[in-house]
Amino acid sequence: MAQKGAAGVATAVAESVQYQGRKASRQGSEQRRQEILDAAMRIVVRDGVRGVRHRAVAAEAGVPLSATTYYFKDIDDLLTDTFAQYVERSAAYMAKLWANTEGVLREMVAYGDGSAASRSQLADDIAHMATDYILRQLHNRREYLMAEQAFRQEALLNPRLAALVRSHQQILLQGTCQFFHVLGSKEPQQDGKVLTAIIGRMEYQGLLNDDEAQAEQDMLGIVSRYMHLVLASV
């Protein structure tokens, strides 16, 4: 995976997603299938995973009940494909983000002279970059983060969802590992896992907290401290 780069890993995840439900035979059918999955996702965001039922999804999507049971024989298939679609879309989004971010990061590293002052400035710049990413996630993709949390909880009881969750986790993990590889870390995998855990915790706390200004300062302070510790040892 490391040889593919972070964007390559995200693309590979998107391409590897497999759906469990009945395949659409024509364009109109595929559109209806997408509408059903989108409706199921809205219910997950609003009511949680346990709110997903064939009748509720059909009503949300504005389709006959027979349509949901045609494409998805049971709720397990419906839930799995709903999260599979989320993973596929998220992976495609992250592939573009990582491709752009890695280019910016390499320019930042090349601009420095390797001095302690230069590494300190780089740590500050990366901390701001990471914090901005988390805030954009919370502002622009908040509903998706809420659904992701719901699916992660359900994955503890559902092996098929667990496999998708693990694939989805690789997108962010390989991105952060690539980050530290570019920075010259001696242990990019370990450093990447720590930063991934920090980001995950901050996203979860951001969904809970109302004081965004205070949360932003806390995020920046924590990420900044971590990046200064890592770059000081590079």
Side-chain angles (χ1 to χ4, degrees), residues 10 13-14 17 19-21 33-63 68 72 75-98 130-176 193 195-220 222-223:
V13 170
V17 170
Y19 291 94
Q20 304 298 318
R33 181 177 174 278
Q34 291 289 327
E35 290 172 351
I36 292 171
L37 292 176
D38 289 340
M41 177 62 80
R42 290 195 298 272
I43 291 175
V44 170
V45 172
R46 186 176 66 236
D47 304 322
V49 170
R50 298 302 175 183
V52 176
R53 294 290 182 268
H54 278 296
R55 192 173 300 278
V57 173
E60 180 75 21
V63 301
T68 65
F72 309 100
I75 294 299
D76 193 34
D77 276 358
L78 179 53
L79 283 174
T80 301
D81 280 10
T82 299
F83 190 55
Q85 178 174 268
Y86 170 81
V87 172
E88 184 177 28
R89 291 175 176 177
S90 179
Y93 166 80
M94 291 300 290
K96 295 179 181 178
L97 178 65
W98 285 131
T131 302
D132 286 345
Y133 163 78
I134 297 168
L135 291 174
R136 287 198 306 272
Q137 289 285 94
L138 290 169
H139 291 160
N140 302 333
R141 306 184 76 244
R142 190 178 188 87
E143 291 187 349
Y144 291 103
L145 290 181
M146 292 176 63
E148 184 180 319
Q149 292 293 339
F151 279 115
R152 284 188 176 187
Q153 183 67 29
E154 186 67 17
L156 297 175
L157 304 173
N158 186 322
R160 288 198 293 179
L161 282 179
L164 282 169
V165 167
R166 287 192 292 269
S167 293
H168 185 258
Q169 288 175 331
Q170 286 298 316
I171 303 170
L172 181 58
L173 175 59
Q174 292 302 319
T176 55
K193 287 179 180 178
L195 182 57
T196 299
I198 291 173
I199 291 174
R201 176 189 177 278
M202 288 180 173
E203 288 178 342
Y204 182 74
Q205 289 298 125
L207 293 174
L208 290 176
N209 297 336
D210 295 327
D211 190 349
E212 294 186 7
Q214 182 62 43
E216 180 176 352
Q217 291 303 311
D218 288 344
M219 290 177 191
L220 182 59
I222 293 170
V223 178

- Query: Short question: side chain of Trp98, backbone of Gln174 - any donor-acceptor pair under 3.5 Å?
  - Reply: no
- Within 6.0 Å of OH in Tyr144, more than 12 heavy atoms from elsewhere: no
- Query: Is there side-chain contact between Val165 and Glu148, with at least one heavy-atom pair below 4.5 Å?
  - Reply: no
- For salt bridge (charged side-chain N to carboxylate O under 4.0 Å, His left out), just list the numbers for Arg46 and Glu60, CA-CA rounded to whole Å, side-chain angles, deciding distance to a tenth of an Å, and then say yes or no. CA-CA 11 Å; Arg46 186 176 66 236; Glu60 180 75 21; 3.1 Å; yes
- Query: Do Gln20 and Leu79 come close enough that some side-chain heavy atom pair is under 4.5 Å?
  - Reply: no
- Hey, are Gln85 and Tyr19 close enough side-chain-wise for a donor-acceptor pair under 3.5 Å? no
- Query: From Gln137 CD over to Asp132 CG, what is the distance, rounded to the nearest 0.5 angstrom?
  - Reply: 12.0 Å
- Task: Compute the centroid of each ring, for Tyr86 and then for His168, and state whether the two points are separated by less than 6.0 Å.
- Result: yes
- Message: For Met219 and Leu138: C-alpha separation, side-chain torsions, deciding distance, then whether side-chain contact (heavy atoms from CB on, under 4.5 Å) applies.
- Response: CA-CA 12 Å; Met219 290 177 191; Leu138 290 169; 3.7 Å; yes
- Over 12 non-hydrogen atoms of neighbours within 6.0 angstrom of CD in Gln34: yes
- Start with the C-alpha gap between Glu143 and Arg42, add the side-chain angles, then the distance that decides, and say whether salt bridge (charged side-chain N to carboxylate O under 4.0 Å, His left out) holds. CA-CA 8 Å; Glu143 291 187 349; Arg42 290 195 298 272; over 6 Å; no
- Item | Distance in Å, Arg166 CZ paired with Leu164 CG, rounded so as to fall on 0.5 Å steps | 9.5 Å
- Message: Quick one, Asp38 with Arg89, criterion salt bridge (charged side-chain N to carboxylate O under 4.0 Å, His left out). Give me CA distance, side-chain angles, the key distance, then yes/no.
- Response: CA-CA 12 Å; Asp38 289 340; Arg89 291 175 176 177; 3.2 Å; yes
- Message: Looking at Leu173, is its backbone amide N or carbonyl O close enough to the side chain of Thr176 to form a donor-acceptor pair, meaning the two atoms are under 3.5 Å apart?
- Response: yes
- Under a 4.5 Å cut-off applied to non-hydrogen side-chain atoms, are Val52 and Asp47 in contact? no
- Message: Could you check whether any side-chain N or O of Asn158 sits under 3.5 Å from a backbone N or O of Glu154, counting only pairs where one atom can act as donor and the other as acceptor?
- Response: no
- Partner set under side-chain contact (heavy atoms from CB on, under 4.5 Å) for Gln149, not counting sequence neighbours: Tyr204, Leu207
- Query: Run the side-chain contact (heavy atoms from CB on, under 4.5 Å) check on Ile222 and Met202 step by step: do they pass?
  - Reply: CA-CA 10 Å; Ile222 293 170; Met202 288 180 173; 3.5 Å; yes
- Task: Might you point out which heavy atoms bring Ala147 and Met41 nearest each other, and give the distance in Å?
- Result: CB-SD, 3.3 Å
- Query: Any donor-acceptor pair under 3.5 Å linking the side chain of Asp81 with the backbone of Ala84?
  - Reply: no
- Query: Which heavy-atom pair separates Ala150 from Val44 by the least distance, and what is that distance?
  - Reply: CB-CG1, 3.9 Å
- Exercise: identify the closest heavy-atom pair between Ala130 and Val223: CB-CG1, 3.9 Å
- Item | Close side-chain approach of Ile134 to Glu216, heavy-atom, < 4.5 Å | no
- List for me each residue that meets side-chain contact (heavy atoms from CB on, under 4.5 Å) alongside Arg53, sequence neighbours excluded, and say none if there are none. Ala56, Ile75
- Task: Would you please test Gln153 and Val49 for side-chain contact (heavy atoms from CB on, under 4.5 Å) and show each step?
- Result: CA-CA 9 Å; Gln153 183 67 29; Val49 170; over 6 Å; no
- NZ (Lys193) and CD (Gln169) are apart, to the nearest 0.5 Å, by 11.0 Å
- Between Arg33 and Phe72, is NZ or CZ placed under 6.0 angstrom from the six-membered ring centre and within 45° of the ring axis? no
- Query: Taking C-beta and beyond as the side chain, do Tyr133 and Leu172 meet within less than 4.5 Å on heavy atoms?
  - Reply: yes
- Determine whether Thr82 and Phe151 make a side-chain contact, defined as any pair of heavy atoms from C-beta on separated by less than 4.5 Å. yes
- To the nearest 0.5 Å, what is the distance between CG (Leu78) and CD1 (Ile36)? 8.0 Å
